[in-house]
Amino acid sequence: MPAAAVGLSHSPLIGKNDPEPEVLARVDRAVDTARTFIRAFEPDLVVLYAPDHYNGFFYKEMPPFCLATEAHAVGDFGTAAGPLSVDTAAARALAQGALDRGIDLTVSARMTVDHGFAQPLEVLFGGIDQVPVVPVFVNGVATPLGPVSRIRALGSAIGQAAARLDRRVLFLASGGLSHDPPVPVLDGAPPRVADALIEGHPPTPEQRAKGEHRVVQAGRDYAAGSSAMIPINPAWDNRLLDHLEQGELAEFDSWTVDAMAKEAGGSAHEVRTWIAAFASLAATGPYEMTSRFYEAIPAWIAGFAVVTAEGR
Ligand SMILES: O=C(O)CCC(=O)/C=C/C=C(\O)C(=O)O
Ligand SMILES: [Fe+2]
């Protein structure tokens, strides 16, 4: 089966707190390379692995991962709101295929997603409804988190199931790499915040605007050097990319949740989406990384990477 993978960092600060024009130009070139790669590959199905930031998944029930047979985006941080063009038949087939392979997969028939899903679809395809997609939520912020080996197993199982679909499948990862943006944490949260994280009350427009402003201000503070955030860690990020490039995916099984958070920040767990996507590609056969861009971008609070890979 023809298969490919693209990894793309997301940031809610893109377009709101941009770095210097030279940095922006380098990112634009890397994104253009990814778009050209995708156009040439001509996927007819995208399996999109992405996290959520307490817009769709809450502590009332927080699965480690979940596959959607229908999904709609909330429209946060300037991304579009509305339905994604989910390929429901393919989603059901991949869900059954993952379950058949021993993955205890949660399935959602009406998933709510945020910029984690919407941004890569808009950046790479020009909209959230432009390509048949199977959305797979991978928890990358809400601790406790399980071992990374289970994410690799999830990716492998979905890749094996996808190989039976007779489609041109692009596995797309959204998030990471090292970064520590101000995403709320349940442990020690004041009662009002804890209640929102558990129950998932939809924020009023004013509350959403306030939250978004807080993230933009955090980006400004971080870029100005006045912040207590765990710094972007280019060495850690490049180690991750090296393993992905060399197909050394089993290396990630020894990466612990605690060490990842300490070395690379509270949202570094979003790299689980990359590990899942590359495990899916690897399950379809040997692959080659065809382009690799990385830059630490403090203004976006992001170890920012854009990578493409294709089955040999
Ligand atoms: O209201 C809030 O606090 C929202 C915070 C939020 O959604 C931050 C998201 C950050 C990322 O997605 C990221 O940097 O990966
Ligand atoms: Fe994120």
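For ligands, and for the atoms within them, numbers begin at 1 and follow the listed sequence.
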* To do: Please work out which of the three classes, parallel, tilted or perpendicular, describes the rings of His243 and Phe252, given edges at 30° and 60°.
  => perpendicular

* To do: Fit a plane to each ring of Trp255 and Trp236, take the angle between them on a 0 to 90° scale, and name the class: parallel (under 30°), tilted (30 to 60°) or perpendicular (over 60°).
  => tilted

* Asked: Any nitrogen or oxygen of His10, main chain or side chain, under 3.5 Å from a nitrogen or oxygen of ligand 1?
  -> yes

Nearest non-hydrogen protein atom, [atom]:
atom                    : result
atom 14 (O) of ligand 1 : His179 CD2, 3.2 Å
atom 2 (C) of ligand 1  : Arg214 NH2, 3.5 Å
atom 1 (O) of ligand 1  : Gly211 CA, 3.5 Å
atom 11 (C) of ligand 1 : Pro12 CD, 3.4 Å
atom 8 (C) of ligand 1  : Val183 CG2, 3.7 Å

* To do: Go through ligand 1 atom by atom and flag the ones less than 4.0 Å from a non-hydrogen atom of Pro181.
  => 10 (C), 13 (C), 14 (O)

* Structure fact -> ligand 1 to Val215, heavy atom cutoff 4.0 Å, flagged ligand atoms 5 (C)

* Asked: Does NE2 in His213 sit with more than 12 non-hydrogen atoms of other residues, nucleotides or ligands closer than 6.0 Å?
  -> no

* Asked: Crowded around Asp104 CG? As in, over 12 foreign heavy atoms under 6.0 Å?
  -> no

* Glu270 contact mode with ligand 1 (heavy-atom cut-off under 4.0 Å) -> side chain

* To do: Using a 4.0 Å heavy-atom cut-off, say whether Phe77 meets ligand 1 through its side chain, its backbone, both or neither.
  => side chain

Do [X] and [Y] have side-chain N/O donor and acceptor atoms under 3.5 Å apart?
X      : Y      : result
Glu270 : His179 : yes
Arg208 : Asn55  : yes
Glu263 : Ser178 : no

* Is His179 close enough to the Fe ion (ligand 2) to have an N, O or S atom under 2.8 Å? -> no

* Tell me, please, if His115 has any N/O/S atom, main chain or side chain, under 2.8 Å from the Fe ion (ligand 2)? => no

* Who's closest to atom 7 (O) of ligand 1 heavy-atom-wise, of Arg208, Glu212, His53? -> His53

* Asked: Are side-chain heavy atoms of Ser267 and Val183 found at a separation under 4.5 Å?
  -> yes

* Is there side-chain contact between Pro64 and Leu145, with heavy atoms separated by less than 4.5 Å? -> no

* To do: Report yes or no: is the cationic atom of Arg168 (NZ for Lys, CZ for Arg) closer than 6.0 Å to the six-membered ring centre of Phe41, at no more than 45° off its axis?
  => yes

* NE2 (His53) to the Fe ion (ligand 2) to OE2 (Glu270): angle, nearest 10 degrees? -> 90°

* Asked: Is His115 in contact with ligand 1, taking contact as a heavy-atom separation below 4.0 Å?
  -> yes

